[in-house]
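All remarks here apply to the structure that follows.
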2 protein chains.
Amino acid sequence: MIPHVNSPQNNTKVYVEIVKQLRFMIEHNGLNPGDRLPSERELSERLGVGRSSVREALRAIELLGLIETRRGEGTFIRDFRGNQLVQLLSTFILQDKKSIRDVKETKFLIELDCLWLIVQKAEKDQLLTFKKWALEADYTDDDYFLEVVTLADNHLFLRIWMILKDYFNSLDLKIIKVSKSEYAELIDALISKNESEVIRVYRNLRKLSKS
Amino acid sequence: MIPHVNSPQNNTKVYVEIVKQLRFMIEHNGLNPGDRLPSERELSERLGVGRSSVREALRAIELLGLIETRRGEGTFIRDFRGNQLVQLLSTFILQDKKSIRDVKETKFLIELDCLWLIVQKAEKDQLLTFKKWALEADYTDDDYFLEVVTLADNHLFLRIWMILKDYFNSLDLKIIKVSKSEYAELIDALISKNESEVIRVYRNLRKLSKS
DNA sequence: AGCCCACAGTGGTCAGACCAGTTTAATTTC
DNA sequence: GAAATTAAACTGGTCTGACCACTGTGGGCT
């Protein structure tokens, strides 16, 4: 049966329910970028809600850049793997001059989290390749940790980290120079899967006090 | 004069224009979190557009977490410092299960980070007050960890966590019930300043395998 | 003073009406 | 029969008016 929005004790707003339904629909019907969604009127009928509510949901999703609508044609799923939507929504960025300390702290802890994830998830040969690169290639600290965060295989952390990195670089903070051997040492710690060793080496690399 | 939406060569959709107007309004009228926006009907009149278009704009902004709506009262600006993160999270709405895993993973690790920060920073009497509350009051898991993240005293983590929490709740995931004694045990671990104990208790509370 | 209730205001939702495009199918024309 | 034309059916975009549910307020009552 077609799931109706009207569930018992429905506290949440209709349009939010519709957003959920759409997500459900996309997931279960295996819709891919480029595919067309049902028309607004059909969704309205199928979900048993007014068309305006459907539109509220669709407009919200559209502003997120997840769908695209063409008058006369329909509503289509957008290819949002590419992060083009950041542009659109960047209008909302109100520069947050909140304490640099928070940003710093957050960035470091996320890097640590990613290291931890790598210990859990990464394959050994991935790490060996990484180490080889770390010893030979020419890279910046950002390059190095981009690789780390990527290896952690968590897209969300990747996104957050990228933003923090950009913000970080926009402040003229002196960059602590780290030697290749230190970078390699961290990878060795990862390979050894010794969590406390990883933490120790990372802290040392970041010149963080034990705090 | 009041800027109308009807500008010459208006290709963009009305609701997008309204979103812009609202942003303009917030910026130039110096509206702060907690302040009330004009009512939907008033906006409709002032901008010379239909109320439904105003609603489409407001709902879209609401889904971004930038405003909050209370029936019978009005629409309010939300405290969204660090809202850039809204964008990145938004890229995840409607995504595959892997992303859900990422959100879950990220939320848990951030909670763990915050616990770690508390060990470093929190005063003992703060924790004792917290424990008293945890034993007596009636609260949800979100309430509890909101307190945790707040105690960590890192506004950025707070913002990220709030977004993840909201997203999390928007998925209909079964919530694991945790007893008060477990919540209290975690606080005890914090008080003892024993990091590995904190981690152990947290993992147990979240029913996470050692992974 | 304090209580209660009606009223105005606000968001939530729906139905219906147009308009402006696009697609599709039927019809005409060659 | 094939191509061009036209009409109908659909789709999104927008507006209006109507209810409902809820909140805050102020006036009147005790």
Side-chain angles (χ1 to χ4, degrees), chain A residues 2-22 25-26 31 34-78 88, chain B residues 2-22 25-26 31 34-78 170:
Chain A
I2 290 137
H4 262 241
V5 165
N6 314 318
S7 39
Q9 291 126 327
N10 195 339
N11 292 328
T12 38
K13 311 186 185 184
V14 171
Y15 91 96
V16 174
E17 282 303 315
I18 297 175
V19 169
K20 286 187 192 172
Q21 289 292 339
L22 287 171
M25 207 175 284
I26 291 173
L31 296 181
D35 291 349
R36 226 197 80 183
L37 289 174
S39 74
E40 297 178 352
R41 288 172 177 85
E42 187 181 340
L43 282 174
S44 163
E45 196 176 347
R46 273 168 52 178
L47 300 177
V49 297
R51 191 182 156 210
S52 46
S53 295
V54 171
R55 280 188 62 80
E56 288 177 10
L58 287 174
R59 275 345 105 216
I61 300 178
E62 183 182 55
L63 193 66
L64 290 178
L66 302 180
I67 60 175
E68 182 184 3
T69 59
R70 296 198 283 274
R71 179 193 309 214
E73 299 182 57
T75 305
F76 302 85
I77 299 180
R78 209 165 150 182
L88 223 162
Chain B
I2 291 135
H4 261 240
V5 164
N6 314 317
S7 40
Q9 288 125 328
N10 197 340
N11 291 329
T12 39
K13 311 186 186 183
V14 171
Y15 92 95
V16 174
E17 282 303 316
I18 298 175
V19 169
K20 288 184 190 171
Q21 289 292 340
L22 286 171
M25 205 174 287
I26 291 172
L31 295 181
D35 290 349
R36 226 198 79 184
L37 288 174
S39 75
E40 296 179 353
R41 288 171 178 86
E42 187 180 339
L43 282 173
S44 163
E45 196 175 346
R46 271 166 55 174
L47 300 176
V49 298
R51 190 181 157 212
S52 48
S53 295
V54 171
R55 279 188 62 82
E56 288 178 10
L58 287 175
R59 274 345 105 218
I61 300 178
E62 184 181 56
L63 196 65
L64 286 177
L66 303 180
I67 60 174
E68 181 184 4
T69 294
R70 296 198 283 273
R71 182 193 308 212
E73 299 182 56
T75 304
F76 301 84
I77 299 180
R78 221 169 142 181
S170 76

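Just so it is clear, the values below take in all heavy atoms, side chains as well, and ignore hydrogens, waters and symmetry mates.
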- Task: Determine, for B:Arg59 against B:Glu62, whether the closest basic-nitrogen to carboxylate-oxygen distance falls under 4.0 angstrom.
- Result: yes
- Salt-bridge contact B:Glu68-B:Arg78 (side-chain N to carboxylate O under 4.0 Å): no
Rounded to whole angstroms, how far apart are [atom1] on [X] and [atom2] on [N]?
| X | N | atom1 | atom2 | value |
| --- | --- | --- | --- | --- |
| B:Arg70 | C:dG12 | CZ | P | 12 Å |
| A:Lys13 | D:dA21 | NZ | P | 17 Å |
| A:Arg55 | D:dT11 | CZ | P | 14 Å |
| B:Leu43 | C:dG9 | CG | C1' | 14 Å |
| A:Phe76 | D:dG12 | CZ | C1' | 11 Å |
| A:Glu62 | D:dT11 | CD | C1' | 14 Å |
| B:Glu73 | C:dG12 | CD | P | 11 Å |
| A:Glu45 | C:dA15 | CD | P | 11 Å |

- Task: Assign each of B:Glu42 and A:Ser53 to its nearest nucleotide of DNA chain C by heavy atoms, then name whichever residue's nucleotide is nearer the 5' end.
- Result: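 In this pair, the answer is B:Glu42.
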Rounded to the nearest 0.5 Å, how far does [atom2] of [Y] lie from [atom1] of [X]?
| X | Y | atom1 | atom2 | value |
| --- | --- | --- | --- | --- |
| B:Ile26 | B:Asp35 | CD1 | CG | 9.5 Å |
| B:Arg51 | B:Leu43 | CZ | CG | 11.0 Å |
| A:Glu56 | A:Leu58 | CD | CG | 10.5 Å |

- Item | B:Pro38 vs B:Met25 side-chain heavy atoms within contact, under 4.5 Å |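 With C-beta onward as the side chain, the pair touches.
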Go through [options] for me and flag the one nearest to the [X] side chain.
| X | options | value |
| --- | --- | --- |
| B:Thr69 | D:dG13, C:dT13, C:dG12 | C:dG12 |
| B:Glu56 | D:dC15, D:dT14, D:dT23 | D:dT14 |
| B:Arg36 | C:dT23, D:dG12, C:dT10 | C:dT10 |
| B:Glu40 | D:dG24, C:dG11, D:dG13 | C:dG11 |

- Item | Short side-chain donor-acceptor distance under 3.5 Å, B:Thr12 and B:Lys20 | no
- How is A:Gly50 classified with respect to the nucleic acid when contacts are heavy atoms under 4.0 Å: base, sugar-phosphate, or nothing? sugar-phosphate
- Task: Under 4.0 Å between any heavy atoms, over every strand shown, what does B:Thr75 touch: base, sugar-phosphate, or nothing? Just pick one.
- Result: sugar-phosphate
Could you go over nucleotides 17-19 of chain C and give all protein N or O partners under 3.5 Å, atom names and distances?
none

